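Quick notes on the structure that follows.
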Amino acid sequence: MSTRVKSRNNAGYKKLEPDFYLRNNVLKITEELIGKYLVTNIDGIITSGMIIEAEAYNGIVDKASHAYGGKRTKRNEIMYAEGGNSYVYLCYGIHHLFNVVTNKKDIPHAVLIRAIIPADGIDTILKRREHKTITIKTADGPGTLSNALGIKTIHSGISLAHDLIWIEDRGVEFKKKDIITSPRIGVDYAGEDAKLPYRYRLNENIISEIYRAQ
């Protein structure tokens with residue numbers, strides 16, 4: 001396991017294959033997204049970060065999901081599309097939250113990407129965040145990471161197979177014990193489902209090591 005994030009540097013990294021998103025186990029997909037790289041190409045500028053935290057939302061049976069009980073609205077309709085699309089929604093009127101739609105068509109599973117460690121386009125990320133240097137606060141939240149990567153609600157419904165927003169495998173792997181599960185954040189309204197251990201985050205010691213190596 002490297003303690004450095006991997007920049008692209010024309011290394012030929014490939015986007016995740018569509019089959020990655022079409023699997024029926026949203027928990028497994030969420031866990032496997034830790035260590036992958038979320039990449040954007042906004043106005044011709046590449047920015048990216050290694051995913052270090054994500055939350056699973058288990059569709060119509062999950063009281064924390066926007067699709068609980070089969071709910072369909074103009075906003076969440078993209079959740080019912082085939083896996084491998086983006087779902088971006090506005091939270092508290094200011095935060096643009098990026099989700100990955102998973103599973104087959106009409107099964108509204110999704111993964112909320114909650115935190116990244118910046119890797120590419122650092123100057124642009126710093127400008128977007130109005131930061132002077134990269135710190136853990138730069139993209140350690142679902143709203144701040146979208147801000148850092150230039151993701152907004154206009155990017156909802158975009159295929160991750162295209163060249164605007166996508167996820168890459170750069171060969172980073174972590175041991176299962178290094179990925180910590182816990183209840184999701186901000187879903188108290190979901191009753192018993194709020195206690196489900198559907199939040200996956202890289203061990204804090206490893207995160208600190210990576211930032212120290214930057």
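Just so we're clear, the structure is a prediction, and the values are computed from it rather than from any experiment. When reading the values below, keep in mind they use all heavy atoms of this one structure, side chains included, and skip hydrogens, waters and symmetry mates.
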**OP:** Please check if atom CD in Glu17 has more than 12 non-hydrogen atoms from other residues, nucleotides or ligands closer than 6.0 Å.
**Re:** no
Subject >> salt_bridge(Lys132, Asp123) N-O dist < 4.0 Å >> reply: no
Subject >> Partners meeting side chain to side chain donor-acceptor pair (under 3.5 Å) with Lys137 (sequence neighbours left out) >> reply: none
**OP:** Look at the side-chain heavy atoms of Ile, Leu, Val, Met, Phe, Trp and Tyr, link any pair under 4.5 Å apart, and say whether Leu145 and Ile165 land in one connected group.
**Re:** yes
Subject >> Within one Ile-Leu-Val-Met-Phe-Trp-Tyr cluster: Leu202 and Ile167, side-chain cutoff 4.5 Å >> reply: yes
**OP:** Sort and list the pairs that fulfil salt bridge (Lys or Arg N to Asp or Glu O under 4.0 Å) and have at least one residue in residues 24-38, not counting sequence neighbours.
**Re:** Arg23-Glu32, Lys28-Glu32, Glu31-Lys176
Original post:
Measuring from His162:NE2 to Asn85:CG, what's the distance to the nearest 0.5 Å?
Top reply: 8.5 Å
Original post:
Out of curiosity, Thr102 OG1 to Met79 CE, how far, rounded to the nearest 0.5 Å?
Top reply: 8.5 Å
**OP:** Is it possible for you to say whether Ile116 and Ile136 belong to one hydrophobic cluster, with membership spreading through side-chain heavy-atom contacts below 4.5 Å?
**Re:** yes
Subject >> Closest approach of Tyr21 to Val101 (non-hydrogen atoms, all atoms of both residues) >> reply: CB-O, 4.2 Å
Subject >> Atom pair CD1/CG of Ile180 and Asn203 - distance to nearest 0.5 Å >> reply: 5.0 Å
Original post:
So, Arg184 side chain and Ala56 main chain: donor-acceptor pair closer than 3.5 Å or not?
Top reply: yes
Subject >> Nearest heavy atoms of Leu27 and Tyr198, plus distance in Å >> reply: CD2-CD1, 3.3 Å
Original post:
Who passes side chain to side chain donor-acceptor pair (under 3.5 Å) against His131, sequence neighbours left out?
Top reply: Thr138
**OP:** Indicate, with yes or no, if Phe20 and Ile179 share a hydrophobic cluster defined by side-chain heavy-atom contacts under 4.5 Å among Ile, Leu, Val, Met, Phe, Trp and Tyr.
**Re:** yes
Original post:
Do any pairs count as a salt bridge (Lys or Arg N to Asp or Glu O under 4.0 Å) and have a residue in residues 90-100, sequence neighbours left out, and if so which ones?
Top reply: none
**OP:** Go through the structure and list residues passing ring pair (Phe, Tyr, Trp, His ring centres under 6.0 Å) with Tyr80, not counting sequence neighbours.
**Re:** none
**OP:** Please report the shortest heavy-atom distance between Ile125 and Ser48, naming the atom on each side.
**Re:** CD1-O, 3.9 Å
Original post:
To which residues is Ile94 joined in a hydrophobic cluster, defined by side-chain heavy-atom contacts under 4.5 Å among Ile, Leu, Val, Met, Phe, Trp and Tyr, whether direct or through other members?
Top reply: Tyr92
Subject >> Test item: Asp43 side-chain N/O and Ile45 main-chain N/O as donor-acceptor pair under 3.5 Å >> reply: no
Original post:
More than 12 non-hydrogen atoms from neighbouring residues, nucleotides or ligands closer than 6.0 Å to NZ on Lys104, yes or no?
Top reply: yes
Subject >> From CA spacing to verdict: salt bridge (Lys or Arg N to Asp or Glu O under 4.0 Å), Asp163, Lys15 >> reply: CA-CA 10 Å; Asp163 294 327; Lys15 298 171 186 173; 2.4 Å; yes
Original post:
Do side-chain atoms of Ser86 reach the backbone of Ile158 as a donor and acceptor pair under 3.5 angstrom?
Top reply: yes
Original post:
Where do Ile134 and Ile122 come nearest, in terms of heavy atoms and distance?
Top reply: CG1-CG2, 3.7 Å
Subject >> Considering all heavy atoms, the nearest Glu55-Ile185 contact >> reply: OE2-N, 2.9 Å
Subject >> Approximate separation, where rounding is to 0.5 Å, of Thr135 OG1 and Tyr211 OH >> reply: 7.0 Å
**OP:** Please report the closest heavy-atom contact between Thr144 and Asp140, naming both atoms and the distance.
**Re:** OG1-N, 3.4 Å
**OP:** State which residues pass side chain to side chain donor-acceptor pair (under 3.5 Å) with Thr47; sequence neighbours excluded, sorted by chain then number.
**Re:** Thr40, Arg128
Original post:
Tell me the salt bridge (Lys or Arg N to Asp or Glu O under 4.0 Å) pairs involving residues 73-84, sequence neighbours left out?
Top reply: Arg72-Glu77
**OP:** Apply side chain to side chain donor-acceptor pair (under 3.5 Å) to Arg199 and list each qualifying residue two or more places apart in sequence or on a separate chain.
**Re:** Glu53, Ser182
Original post:
Listed by chain and number, what are the ring pair (Phe, Tyr, Trp, His ring centres under 6.0 Å) partners of His66, not counting sequence neighbours?
Top reply: Tyr87, Tyr89
**OP:** Going by the side chain to side chain contact (heavy atoms under 4.5 Å, CB included) test, name the single residue among Leu38, Ile52, Leu16 that passes it with Leu33.
**Re:** Leu16
Original post:
Do the non-hydrogen side-chain atoms of Asp120 and Val39 ever get within less than 4.5 Å of each other?
Top reply: no
Original post:
Does Phe174 belong to the same Ile/Leu/Val/Met/Phe/Trp/Tyr cluster as Val5, with side-chain heavy atoms less than 4.5 Å apart forming each link?
Top reply: yes
**OP:** Measure the CD1-CD1 distance between Ile113 and Ile51 for me, rounded to the nearest 0.5 Å.
**Re:** 4.0 Å
Original post:
Hey, does Phe98 have a side-chain heavy atom less than 4.5 Å from the side chain of Val100?
Top reply: yes
Subject >> Side-chain donor-acceptor contact under 3.5 Å, Asn58 with His109 >> reply: yes
**OP:** State the CD1-OH distance between Ile34 and Tyr200, to the nearest 0.5 angstrom.
**Re:** 9.5 Å
**OP:** Could you tell me which residues satisfy ring pair (Phe, Tyr, Trp, His ring centres under 6.0 Å) with Tyr57, sequence neighbours excluded, listed by chain and number?
**Re:** none
**OP:** Kindly indicate, with the supporting measurements, whether the criterion side-chain contact (heavy atoms from CB on, under 4.5 Å) is fulfilled by Val172 and Met50.
**Re:** CA-CA 9 Å; Val172 176; Met50 184 177 73; 4.0 Å; yes
Subject >> Check: Ser146 side chain, Gly143 main-chain N or O, donor-acceptor pair, under 3.5 Å >> reply: no
Original post:
Given the rule in the side-chain contact (heavy atoms from CB on, under 4.5 Å) test, do Ile29 and Asn25 qualify, once you have shown the distances and angles that lead to the verdict?
Top reply: CA-CA 6 Å; Ile29 292 172; Asn25 189 335; 5.8 Å; no
Original post:
How about Thr73 and Asn76: does a side-chain donor come under 3.5 Å of a side-chain acceptor?
Top reply: yes
What pairs of donor and acceptor atoms, side-chain ones from residues 149-157 against any protein atom, are under 3.5 angstrom apart with sequence neighbours left out?
{"residue": "His155", "atom": "ND1", "partner": "Lys152", "partner atom": "N", "Å": "3.0"}
{"residue": "Ser156", "atom": "OG", "partner": "Val88", "partner atom": "N", "Å": "3.1"}

